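This report concerns only the one structure given below.
Remember, predicted model here, so these are calculated numbers, not experimental data. All chains are named by letter (A, B, ...) in the order of the sequence lines, taking the proteins before the strands, and each is independently numbered beginning at 1.
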Amino acid sequence: MEALNIVETKNLVVHMGGRVALDGVTLSIRAGAFTGIVGPNGAGKTTLLKALLGLVKPASGEILVFGHQPGQAHHLIGYVPQTPRMDPKFPISVFDVALMGRLGKRASGDDRAHAARALEQVGMANFAAKRFGSLSGGERQRVLIARALAGGPRLLLLDEPTTGVDPVTRQDFWQLVIKLVSAPLSDSPPIFGENGGSRRGVLLTTPYMDEASRCHRVGFMRGGKIIAEGTPSELRAMLSGRIVEVRDHSLSALRKTAGKIDGVEDVRAFGDKLHLRVQPGRAESVISALADAFPARACPEPSRRAGSHFEARLVPPTLEDVFIALSESRNS
Amino acid sequence: MPQPVVITENLTRRFGEFTAVDHVSFQVYPGEIVGYLGPNGCGKTTTIRMLLGLLEPTEGSASVLGFDAFRQSEEVRSRAGYMSQKFALYDDLTVLENLAFYGGVYGLRDPRRIDETLALVGLSGHETELTRALSAGWRQRLALGIALVHQPKLLFLDEPTSGVDPSARRAFWDLIYELAAGGVTVFVTTHYMDEAEYCGRVGIMRDGRLLAMDTPAALKSSVIPGEVWEVYAEPLEAALTDLSRADGVLRVGLAGDHLRVIARAGLGAKALKGAVQTHGGAESLSKGPAPLRVERGEPTLEDVFLSLAK
């Protein structure tokens, strides 16, 4: 199945308050897929969302949303903000929150039916009459997704969707959104000819690598630029065979020794272990040099910590390993 | 064995009908970095407030640095530092002024201590910069400096690196490891699984209860009931249905472009592939899902959390 780009930006530059907020961003978003933009606060993630919504004007570059200028494609985009803190006494019902998704959009048809259907899609139909403020964080998030769905969007923008939520709720969230993306769109006509764009696309922003690793495609964002883009596997492959995990009961001694071994580029303390980044092809020689320096021995003190004797192994790189390696090579 | 820095015994706090912290017992030793991992609202902050003596336990007790946390809270607070991502920095003050102000709160008048703190957190040379102009990473350093200015023996970090650059996070943790090596005990709360991996031991909190506390490696080997696999298949949902019915599969969940499976140890990739193939497609699909790839996954603290939450 050839993926279809529903959003394309080319060399997008946006100034905000005299600062370059987006600095030449080229990005495609595909139908039927999750695209994740991961980066720290201030990297430009929110500005990018605003640019797609047509809320900020680019200084230069191109941006096409479903083939339109961003301001003209509003009705095709559903925006889900971070779950807001709301006064539990604020008298708005779940149904009315969902109905808000219809306002300012297409005036035709039965807006209430659309809102009800959206609540059904997220499994919140039974909550329609409840007060929004009385819901749990996970339930509110579902309602906000319903509000976004009520407008019949082809693209969902999710702003840091699972920051601070329970892993169990997070699991539910992903299952729901994956279903929304994989289901074919039957209720509205295709936008690009016969079969194009028959599924929704999702763009999500996140400061968390573990969240990004669940996306089909990930863009690393830093200082207004996308510094790398690809599938999580492609991005991880950039450091394949180059991350060695080492444990010992004395991490500080290990750390000093490891930094001096030939072929070690970088040493990073990581809880009860170290992660070494080694030069390509050097993993084996580094592991044997470490084993020589730390011969197997009994742990000198009865310790309450597990994993307290020497151990070194090659581990799959994480997205964070890759992000740091890329950031360092750009800084130097 | 050295004396613990923090001892809680059945520490409990109720707000009316609601139990925010429910009979929590643990110990933290000098120089340890202990994480307290859980979602927002699970009782992390309530625990810290009790450890700092800001809140009276409804039941049980907390001893911090040898003092009763509530009855001797002044003693505790003068020896403990607290840093939060939402820490109130004065945006209109310079870096130096912020530090001097908070130092003054602790009765510090010696300018050399302020300079030492600036050097410790890597802010020397930035004294005259306005706080509002600092990046997230620099603000975080300043907040840490403020927590450290009175040379505490125990440091509480509340969600210390949410939203900062991975490189800045790493530099931050290098500093924390240095402090711990120098004997400072560090207690970190976070809802962020990746951050918990930086800690020497991690406690898992849910609904006010401490479900487990151990090293990340020990938690992964003792709590996760099997082996972790990543299954790439198309369509994903049909494969999910197949695998959730398969023998030996303990848990399966959608994880973006693949499925995350916890299977009985020794079940193997072949059996997992077979489960997807032989069960055929779900309901209306003409073709069964084709397994593309089955790979061993690295266990994460999220797997631990989900295994405990059941």
Contact class of [X] relative to chain B, heavy atoms under 4.5 angstrom:
X: A:Thr206; value: neither
X: A:Val218; value: neither
X: A:Lys273; value: side chain

Contact class of B:Leu240 relative to chain A, heavy atoms under 4.5 angstrom: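 Just the side chain, heavy atoms under 4.5 Å.
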With a 4.5 angstrom heavy-atom cut-off, which part of B:Arg169 approaches chain A: side chain, backbone, both or neither?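 Contact with chain A is through the side chain of B:Arg169 alone.
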Pick whichever of A:Gly42, A:Ala33, A:Pro316 has the most heavy-atom pairs under 4.5 Å with chain B.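 Most heavy-atom pairs under 4.5 Å with chain B: A:Pro316.
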Those residues that, when tested against A:Phe34, pass ring pair (Phe, Tyr, Trp, His ring centres under 6.0 Å) (two or more places apart):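 Partners of A:Phe34 under the ring pair (Phe, Tyr, Trp, His ring centres under 6.0 Å) test: A:Trp174, A:His216.
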So which heavy atom on [X] is nearest to which on [Y], and how close?
X: A:Ser233; Y: B:Arg293; result: OG-NH2, 3.8 Å
X: B:Leu306; Y: A:Gln171; result: CD1-OE1, 3.7 Å
X: A:Ile324; Y: B:Arg170; result: CG2-NH1, 3.9 Å
X: B:His258; Y: A:Ser213; result: CE1-O, 4.4 Å

Do A:Arg313 and B:Glu298 sit within salt-bridge range, that is, some charged N less than 4.0 Å from a carboxylate O?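 Salt bridge present between A:Arg313 and B:Glu298.
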Surrounding CZ of B:Arg296 (heavy atoms of other residues, nucleotides or ligands, distance under 6.0 Å), is the total greater than 12?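 Yes, the 6.0 Å shell around CZ holds more than 12 heavy atoms from other groups.
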Using a cut-off of 6.0 Å, state whether more than 12 heavy atoms not belonging to B:Arg209 lie near its atom CZ.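 Atom CZ in B:Arg209 is not packed in, count stays at 12 or less.
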Which residues pass the side chain to side chain contact (heavy atoms under 4.5 Å, CB included) test with B:Asp194, sequence neighbours left out?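 Listed in chain order: A:Met209, A:Asp210, A:Glu320, B:Tyr192.
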Rounded distance [0.5 Å steps], CE in B:Met193 versus CD in A:Glu211: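 It is 11.0 Å, given to the nearest 0.5 Å.
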